[in-house]
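Working notes for the structure below.
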Amino acid sequence: MDLILWRHAEALDMRELEDDLDRALTAKGERQAHRMAAWLGRQLPSSARVLVSPARRAQQTAQALDRKFKTVPALAPDADVDALLHAVRWPDGREPVLVVGHQPTLGLAAAYLLSGQPQGWPVRKGGVWWLRAREREGALQVVLHAVVAPELL
């Protein structure tokens, strides 16, 4: 199973709004989202499921991909790693899953899956971590397939 973690692109500061869920992308964030969406569009198989936080900035990031997606309340800001893994059906899902979400959840999930420890690994705004689960000699292995920052595209 492939799990692709995409952090929402740069958004307005919280001090500019009353509700964190209403924060929109900045102009820079829109550019980040479109660059990463172009790259993901070339990499993702058509069978990939796209699951997105209900936060406006995550929704706008996902819209840049121009694919159908499902809004999942369990992926909202401050979601926990267990909720994310349950939503994507890790590691038993058959199709690749792209999650558009938030820090610190995405970094915690990547750290947990790769090291077994829930550490606060940083995921850049607009960045992608692509993880792949595979079975080797009867054991589950998680391989880091790619890490891409939008400014590299």
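It should be emphasised that the depicted structure is a prediction, and the values quoted were computed from it without experimental measurement.
- Applying the side chain to side chain contact (heavy atoms under 4.5 Å, CB included) rule to Q60 yields the partners A24, L25, R56, Q63; only residues at least two apart in sequence or on another chain are considered.
- L106 and L75 end up in the same hydrophobic cluster when Ile, Leu, Val, Met, Phe, Trp and Tyr side chains are linked at under 4.5 Å.
- For T71 against Q59, the heavy-atom pair with the smallest separation is OG1-NE2, 3.0 Å.
- What you find for A110 and W121 is that their closest heavy atoms are O-CZ3, 3.9 Å.
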Compile the donor-acceptor pairs under 3.5 Å between side chains in residues 35-45 and protein atoms, sequence neighbours left out, one pair per line.
| residue | atom | partner | partner atom | Å |
| --- | --- | --- | --- | --- |
| R35 | NE | P150 | O | 3.1 |
| R42 | NH1 | A38 | O | 3.2 |

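- H102 and S53 form a side-chain donor-acceptor contact under 3.5 Å, judged by distance and modelled atom types alone.
- A single hydrophobic cluster is not seen to contain both V72 and V52; linkage of ILVMFWY side chains at heavy-atom distances under 4.5 Å, directly or through other members, places them apart.
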Would you mind writing out the side-chain donor-acceptor pairs for residues 124-149 within the sub-3.5 Å range, not counting sequence neighbours?
| residue | atom | partner | partner atom | Å |
| --- | --- | --- | --- | --- |
| R124 | NE | E151 | OE2 | 2.8 |
| R124 | NH2 | E151 | OE2 | 2.8 |
| W130 | NE1 | D2 | OD2 | 2.9 |
| R132 | NE | D2 | OD1 | 2.7 |
| R132 | NE | D2 | OD2 | 3.3 |
| R132 | NH1 | H145 | ND1 | 3.3 |
| R132 | NH2 | D2 | OD2 | 2.8 |
| R134 | NE | Q141 | OE1 | 3.0 |
| R134 | NH2 | Q141 | OE1 | 3.2 |

Show the atom names and distances, to 0.1 Å, of all donor-acceptor pairs under 3.5 Å that link a side chain in residues 77-97 to residues at least two apart or in another chain.
| residue | atom | partner | partner atom | Å |
| --- | --- | --- | --- | --- |
| D80 | OD1 | D82 | N | 3.3 |
| D80 | OD1 | A83 | N | 2.7 |
| E95 | OE2 | R49 | NE | 2.7 |

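- Residues Y112 and V99 share a hydrophobic cluster, clusters being chains of Ile/Leu/Val/Met/Phe/Trp/Tyr side chains in contact below 4.5 Å.
- Residues L113 and V123 share a hydrophobic cluster, clusters being chains of Ile/Leu/Val/Met/Phe/Trp/Tyr side chains in contact below 4.5 Å.
- Annotation: salt bridge (charged side-chain N to carboxylate O under 4.0 Å, His left out) contacts of E10 (sequence neighbours excluded): K28.
- Listed by first and then second residue, the ring-ring contact (aromatic ring centres under 6.0 Å, His included) pairs that reach into residues 49-84 come to none, sequence neighbours excluded.
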